[in-house]
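To keep things clear, I will list the structure first and then write my remarks on it.
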Amino acid sequence: MHPQYRSRINKIKKKQNQMFNNMEKRLSTIDFRSTEDFKLYINLLNQLHFLNQTYNELEEKIKNINKTLRNGK
């Protein structure tokens, strides 16, 4: 694999891990009685939903690339 692509993937993985660590810390202190905290929680859920859709699309594209590589077409 080209080093530039590997480096980019590693940066994304690092940022993703940071995001999950930050989210874990923040969600552990969230107070659902607070309007602002509840809005934050809903906002995070919404963003995670769209991130998950992006992961699904990426997974499908990777499957297509692997299938093309296996078939040689």
Side-chain angles (χ1 to χ4, degrees):
M1 179 185 291
H2 194 277
Q4 178 183 1
Y5 298 133
R6 186 173 306 279
S7 173
R8 184 171 180 209
I9 290 170
N10 287 336
K11 285 179 186 177
I12 292 170
K13 284 180 184 178
K14 183 179 176 183
K15 288 179 183 181
Q16 178 182 350
N17 287 336
Q18 287 175 340
M19 176 196 67
F20 284 127
N21 289 336
N22 290 336
M23 191 180 318
E24 181 180 9
K25 290 176 189 173
R26 183 61 181 110
L27 289 177
S28 68
T29 63
I30 204 163
D31 178 14
F32 289 104
R33 292 172 289 195
S34 164
T35 305
E36 290 304 313
D37 278 2
F38 188 71
K39 285 180 182 178
L40 172 69
Y41 179 71
I42 297 297
N43 186 355
L44 287 172
L45 287 179
N46 190 36
Q47 290 184 51
L48 286 173
H49 170 75
F50 288 110
L51 181 61
N52 192 43
Q53 284 182 330
T54 303
Y55 284 153
N56 290 342
E57 292 169 6
L58 179 61
E59 185 178 18
E60 189 63 34
K61 288 178 181 181
I62 290 171
K63 277 201 280 189
N64 288 338
I65 290 171
N66 283 330
K67 183 178 177 183
T68 301
L69 290 170
R70 278 193 305 273
N71 294 338
K73 296 179 182 178

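Hydrogens, waters and symmetry mates are skipped; everything else that's a heavy atom, side chains included, is used. Index from 1, following the sequence.
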ask   = What's the verdict on side-chain hydrogen bond (donor to acceptor under 3.5 Å, both in side chains) for E60 and N56, showing C-alpha distance, side-chain angles and the deciding distance?
value = CA-CA 6 Å; E60 189 63 34; N56 290 342; over 6 Å; no
query = Could you walk me through whether Q16 and Y55 pass the side-chain hydrogen bond (donor to acceptor under 3.5 Å, both in side chains) check?
reply = CA-CA 12 Å; Q16 178 182 350; Y55 284 153; 3.3 Å; yes
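Atom-to-atom distance recorded for L40:CG and L27:CG is 7.5 Å, nearest 0.5 angstrom. Note: I62 CD1 to E57 CD = 12.0 Å, rounded to the nearest 0.5 Å. Taken from CG in N10 to NZ in K15, the straight-line distance is 12.5 Å, to the nearest 0.5 Å. Expressed to the nearest 0.5 Å, how far CG of D31 lies from CG of D37 amounts to 6.0 Å. Taking CG of L58 as the reference point, atom CD1 of I12 lies at 8.5 Å (rounded to 0.5 Å). We find the CG-NZ distance between N66 and K63 to be 10.5 Å, quoted to the nearest 0.5 Å.
Annotation: R26, atom CZ; neighbour count of heavy atoms from other residues, nucleotides and ligands within 6.0 Å is above 12. Shown here is Q18, whose CD atom has more than 12 heavy atoms of other residues, nucleotides or ligands within 6.0 Å.
The closest donor-acceptor contact from the side chain of T54 to the backbone of F50 lies under 3.5 Å. Counting only distance, with no hydrogens or angles, the side chain of N46 and the backbone of I42 share no donor-acceptor pair below 3.5 Å. Between the side chain of T68 and the main chain of N64, a donor-acceptor pair closer than 3.5 Å is present.
In this structure, a donor-acceptor pair under 3.5 Å is present between the side chains of N43 and Q47.
By the 4.5 Å heavy-atom criterion applied to side chains, M23 and M19 are counted as neighbours.
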